[in-house]
Undergrad: 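Submitted below is the structure of interest, expressed as structure tokens.
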Amino acid sequence: MSYLLKRIVFYVFTAWAAITINFFIPRAIPGDPVQALITRSRGQMTTEAVQSLYVLFGLDKDASLAEQYFSYLGQLLRGDLGLSFTYFPSPVSQVLGDGLPWTLGLVGITTVLGFLIGTALGTGIGWRRGSWADALIPVTTFVSSIPYFWLGLIAIALLTGPDSFFPASGAYDNGLVPNPDLEFIGSVVQHGILPAFTILVSSMAGWILSMRNMMVTVASEDYVTVAHAKGLSDRRVMVGYAARNALLPNVSGFALSLGFIVGGTLLVEIVFSYPGLGLQLFQAVGAKDYPLMQGIFLIITLSVLLANFLADVAYLALDPRTRREG
Amino acid sequence: MTVVPTTGTATPVAAPVKRRRLRFVANPKATTGLVILGFFALVAIIGPWIAPYDPSGRSNDLLQGPSAAHWFGTTHLGQDIFSQVVVGTRSVIVVGFIAGIVATILSVLVGVTSGYLGGAGSELLSALSNVFLVLPALPLMIIITSTLPETSTLTIALVIGLTSWAWGARVLRAQTLSLRGRDYVEAARATGEKTWRIILFEILPNLTAVIASGFVGTVIFAVTLEITLAFIGIGAGGDWNWGTVLYWAQSQQALAQGAWWWFVPAGLAIALLGTALSLVNFGIDEFVSPRLRGGGKTNVKTADGHTVRMRVGFTPVLATKAGPEGRETP
Amino acid sequence: MTDAVLEIRGLNVDYGLGEDAVHAIRDVDLTLHRGEVLGLAGESGSGKSTLAYGLTRLLPPPGVITGGEVLYHPDGGDPVDVLRMDHAALRRFRWAETAIVFQGAMNSLNPVHRISTQLTDVIKAHDPRGTSAARLARARELLHLVGISADRLESYPHQLSGGMRQRVMIGMALALEPKVVIMDEPTTALDVVVQRQILRQLVELRERLGFSVVFITHDLSLLVEFSDRIAIMYGGRIVEEAASADLYRDPLHPYSHGLLNSFPALRGPKRELTGIPGSPPDLRGMPSGCAFHPRCPHAMERCGVEVPVLGVPPDKSTTAHVAVDQRSPADRTVACWLHPVHDDGF
Ligand SMILES: Nc1ncnc2c1ncn2[C@@H]1O[C@H](COP(=O)(O)OP(=O)(O)O)[C@@H](O)[C@H]1O
Ligand SMILES: [Mg+2]
């Protein structure tokens with residue numbers, strides 16, 4: 001089986017696992033899951049909300065667990081994720097549709113950018129090991145230990161204010177109507193800079209450290225010594241020989257830690273009241289909006305799987321050993 | 001979490017174990033990390049006794065900046081933030097370590113079993129860890145904890161532990177696979193040694209560093225996750241932790257009111273604890289993979305007083321005349 | 001054949017600095033003549049690789065060169081000291097004048113680049129004006145030279161067998177027609193048949209292209225077969241140097257004697273294999289006097305006190321009073337109190 005096909009099978013399997021987890025977690029609680037959720041919400045639920053939960057869990061009809069499971073799968077295939085309480089009576093899928101583009105734009109771009117910039121900086125620091133650049137490592141370690149959302153809080157405290165260029169919340173000026181004109185786009189960029197900067201700084205730090213370590217490890221590989229012995233330029237040895245190989249474990253590390261990074265970046269949305277999935281998740285937690293939480297878990301999982309797949313494709317392009325050739 | 005790939009193969013050195021152990025403690029990064037960690041552990045133990053106030057107790061000093069009476073200031077209810085941070089340390093440390101221990105045990109079980117036994121079962125375990133690895137941790141934790149009837153510090157620690165073993169299992173599986181092919185393991189197998197004895201006495205001792213580094217990594221992960229959950233309001237009942245402090249700061253608009261003291265101390269405490277744990281892990285990495293070691297001096301003085309940097313590819317030349325014992329060139 | 005192309009004088013190499021330093025190479029003098037194959041032998045750990053990397057300044061940290069000269073004699077030019085070159089000069093010098101085939105040739109190729117890229121980038125680095133078509137043609141020619149078909153150009157290293165990778169490295173070493181090729185155990189990881197095949201090919205190429213070779217191995221019988229002269233290393237020093245036939249027939253140093261008896265010779269009279277008792281010295285605690293004396297069957301009192309000087313043994317040479325750098329390849333030197341050298345030798 002070719003490498004990509006294997007990966008695709010794995011992702012389909014994981015997606016199925018996520019869906020199944022979604023199905024079983026509320027049922028793992030002894031008794032009626034809806035009753036349990038009602039208890040937890042301390043009576044904040046409307047009767048419609050309760051009813052929609054019964055529908056979501058397939059408990060409205062008298063059905064066996066297997067029947068419930070398959071009807072759940074069927075609902076998912078139709079894109080039916082139930083009704084959100086917070087945005088009642090909007091369907092969850094519609095709520096997600098509103099939030100997803102903002103999250104993809106903010107989190108997607110900054111995560112990738114953070115990886116690229118961090119890797120580039122780590123390459124330089126690892127190559128100039130023993131020079132002044134090493135002094136950056138303790139700082140980087142400290143920054144990488146700061147939770148994303150706290151850095152966001154600090155950024156807001158320091159950089160926003162009544163007469164600051166940076167707005168403290170939202171994705172665009174409230175007075176504007178979303179349409180693709182220059183004013184709106186300008187406002188989106190203006191609102192995006194600070195959250196993006198927060199995510200960039202926090203996510204970069206980890207990549208700097210791991211790329212630096214990989215560079216140090218790779219620098220003593222035989223083929224790097226050969227490259228020096230060949231009299232190649234310093235740049236060529238650093239980029240074409242050392243970094244090119246050090247990049248490989250970093251790319252697979254990127255794929256594997258996406259699931260974690262995304263969690264951290266979603267919180268930045270909360271701090272900046274950025275109208276993406278993270279903020280919705282926060283609201284769902286506050287309102288005990290279980291269908292919305294489930295929907296967000298699913299959509300984030302699927303996005304992470306897709307991103308993982310793209311990282312796999314990148315890895316495939318970067319490492320000839322995974323390619324099957326004659 | 002910093003994802004620093006563990007590159008070293010655990011080198012089986014039998015004799016100088018003592019010296020190696022000493023070298024780990026002598027590693028300045030590990031030592032610094034351990035000292036900070038010890039400080040936090042101490043606060044976790046004695047925190048409730050040394051806290052000057054009841055962390056939930058209200059007073060009339062509403063939203064005051066740091067002062068002699070309230071080192072970290074007060075909240076909108078007049079609660080002492082210093083006491084909240086000090087008392088909250090225990091929950092953070094407890095969750096970190098319980099989750100770390102649970103996840104480490106699971107990762108050793110899954111990783112070593114699937115690495116050593118091979119076959120279809122091994123592939124299945126490996127696929128299982130990969131699934132847990134790519135599932136986004138935070139949303140998963142949220143839907144799990146939202147359905148739990150009760151969330152205490154302990155349940156949070158257990159849930160984190162039960163869901164975060166995959167990274168360690170993956171690394172351990174790879175290491176076990178490579179150890180399995182070593183001569184002494186093959187030899188033990190050939191002589192009919194029992195499987196559990198081989199795993200216990202031949203494999204596990206060589207995985208110590210990897211297991212330790214996985215443990216520390218999970219503690220970092222668990223602490224961050226607990227604080228994050230608390231920050232979005234999935235807290236552990238009435239227990240204080242640094243995340244709860246930040247949750248109240250955020251929900252009471254501390255920022256808008258300029259109450260920086262409300263969220264700065266807890267955040268710095270998180271960063272400091274995270275840094276300490278990372279330093280311990282760097283120490284372990286350098287211990288396992290000597291290439292990463294600083295190796296003391298990297299700058300060398302030449303005979304004519306220049307300073308050159310030691311680097312791969314351009315060996316420094318300290319003196320160009322013949323060495324001290326050498327003959328003069330004719 | 002008598003003029004030198006590479007002269008090493010008083011070379012000293014340490015690993016580490018100050019107190020912790022181990023002296024891996026001590027006062028090594030060695031001359032490589034034009035067109036010859038100089039063999040360098042010794043047990044593993046005797047410093048052969050350190051010498052090879054030291055003279056090209058490719059030692060990994062914490063290696064430092066603490067003294068000496070490495071003089072390279074270009075065709076009809078003044079000698080230059082490799083150890084005094086700045087980085088730019090060193091880059092120009094490398095591969096164009098001296099190329100190396102490394103000990104770990106299995107890992108010498110960059111796994112992510114095609115063979116063609118790795119053959120052409122070195123040509124481009126030293127001659128940026130050439131066209132890429134010309135470089136590719138040269139790469140094809142190089143593969144042909146080492147007996148690999150040109151359609152392997154587009155392969156990645158992992159698609160080649162160990163022997164093929166080694167040949168590619170040899171071909172790469174010849175890319176810029178260097179005057180000196182240093183080979184550090186180039187065939188140790190290969191099986192015996194492939195090993196000899198590659199070496200035979202190398203000797204043939206040397207005759208055709210006229211470069212000099214420093215050939216490093218711990219297998220003395222290979223050297224006897226393939227090299228003109230042999231230098232024996234022990235504990236970071238050269239202990240004997242002689243024409244290979246002389247060394248084979250009549251090793252003067254007890255260590256050379258022991259080494260010869262550790263390997264079965266392919267040709268010539270059969271010897272009884274005895275090996276050398278004991279183990280190579282620990283560089284951190286070198287024995288006093290001659291480093292070999294604790295293992296030496298002929299050790300005398302003097303051996304434990306004074307370090308023997310490398311010189312021309314009086315009883316073996318007809319040209320004992322000729323200065324060192326003018327000696328003919330037939331001359332030999334040894335560092336052993338069994339053969340004390342003339343004091344007026346230098
Ligand atoms: N990186 C290093 N650091 C410290 N000592 C080293 C290093 N590399 C080699 N040595 C020491 O230098 C001596 C010579 O090694 P080497 O040149 O590799 O020997 P050979 O090639 O003859 O087997 C050995 O005793 C070895 O222990
Ligand atoms: Mg060697």
Side-chain angles (χ1 to χ4, degrees), chain A residues 10 13-14 17-18 22 25-26 29 33 36-37 40 129-131 141-142 144-147 149-150 153-154 156-157 206 209-210 213-214 216-217 219-220 224-225 228 237 249 253 256-260 262-264 266-267 270-271 281-282 285-286 288 290 293-294 296-297 300-301 304-305 308, chain B residues 1-5 7 127 130-131 133-140 142-144 146-149 167 170 220-221 224-225 227-228 231-234 246 249-250 255-256 258 260 263-264 266-267 270-275 277-279 282 285 289 291-292 294 298-299 309-314:
Chain A
F10 168 71
F13 175 73
T14 310
N22 235 348
I25 282 179
I29 311 158
L37 288 172
R40 281 208 59 139
R129 177 189 195 193
S131 69
T141 309
F142 186 74
S144 74
S145 306
I146 297 175
F149 64 86
W150 190 72
L153 288 173
I154 296 293
I156 293 176
L209 292 175
S210 71
N213 275 3
M214 281 320 300
V216 169
T217 310
S220 45
V224 175
T225 312
H228 282 298
V237 182
L256 290 176
S257 44
L258 266 177
F260 180 74
V262 166
L266 288 178
L267 288 194
I270 301 174
V271 174
L281 186 61
F282 182 58
V285 169
K288 308 280 184 275
Y290 197 76
M293 283 186 231
Q294 277 208 333
I296 291 175
F297 169 68
I300 293 174
T301 305
V304 166
L305 290 185
N308 246 293
Chain B
M1 180 177 62
T2 49
V3 190
V4 182
T7 37
N130 285 339
V131 168
L133 210 50
V134 291
L135 287 182
L138 183 69
L140 178 63
I142 289 176
I143 62 164
I144 294 179
S146 308
T147 42
L148 289 178
W167 183 275
R170 193 184 149 91
I220 298 178
F221 177 82
T224 318
L225 203 53
I227 289 163
T228 304
F231 177 70
I232 58 177
I234 302 183
L246 293 174
Q250 166 79 0
L255 273 179
W260 54 270
F263 55 86
V264 167
I270 299 167
L272 198 59
L273 177 62
T275 307
L277 289 163
S278 304
L279 285 176
F282 291 168
D285 279 350
S289 149
R291 287 177 187 180
L292 295 177
T298 46
N299 290 321
R309 186 162 61 86
M310 280 205 193
R311 51 171 296 191
V312 178
F314 296 91

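Just so we're on the same page: letters track the sequence lines, and every chain starts at 1.
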Undergrad: Among A:Pro147, A:Gly263, A:Gly259, who wins on heavy-atom pairs under 4.5 Å with chain B?
TA: A:Gly259
Undergrad: With only heavy atoms counted, which part of A:Val271 is less than 4.5 Å from chain B, the side chain, the backbone, both or neither?
TA: both
Undergrad: Working to the nearest 0.5 Å, report the span between OG1 of B:Thr228 and CZ of B:Phe221.
TA: 9.5 Å
Undergrad: Any side-chain heavy atom of B:Leu277 within less than 4.5 Å of one from B:Leu273?
TA: yes
Undergrad: What residue in B:Leu138, B:Leu272, B:Val264, B:Leu246 has the most heavy-atom pairs under 4.5 Å with chain A?
TA: B:Val264
Undergrad: Which heavy atom of A:Val224 sits nearest to which heavy atom of A:Ala219, and what is that distance?
TA: CG1-O, 3.6 Å
Undergrad: Check whether A:Phe142 gets within reach of chain B through its side chain, its backbone, both or neither, counting any heavy atom under 4.5 Å.
TA: both
Undergrad: With chain B, which of A:Ile296, A:Ile154, A:Leu153, A:Thr225 has the greatest number of heavy-atom pairs at distances under 4.5 Å?
TA: A:Leu153
Undergrad: Counting only heavy atoms closer than 4.5 Å, note whether A:Ile146 contacts chain B via side chain, backbone, both or neither.
TA: both
Undergrad: Quick one: what part of A:Ala157 sits under 4.5 Å from any heavy atom of chain B, side chain, backbone, both or neither?
TA: both
Undergrad: Write down the atom of A:Leu256, the atom of B:Arg170, and the distance for their closest heavy-atom approach.
TA: CD1-NE, 3.4 Å
Undergrad: Under 4.5 Å from any heavy atom of chain B, what part of A:Val262 do you find: side chain, backbone, both or neither?
TA: neither
Undergrad: So for A:Leu258, is it side chain, backbone, both, or neither that comes closer than 4.5 Å to the heavy atoms of chain B?
TA: neither
Undergrad: If you compare all heavy atoms of B:Ala271 against all heavy atoms of B:Thr275, which two are closest, and at what distance to 0.1 Å?
TA: O-OG1, 2.6 Å
Undergrad: From A:Phe282 CZ over to B:Ile142 CD1, what is the distance, rounded to the nearest 0.5 angstrom?
TA: 10.0 Å
Undergrad: Would you name the heavy atoms of A:Pro249 and A:Met214 that are closest together and state the gap between them?
TA: CG-CE, 3.3 Å
Undergrad: Does any backbone or side-chain atom of B:Ile144 lie under 4.5 Å from a heavy atom of chain A? Answer side chain, backbone, both or neither.
TA: both
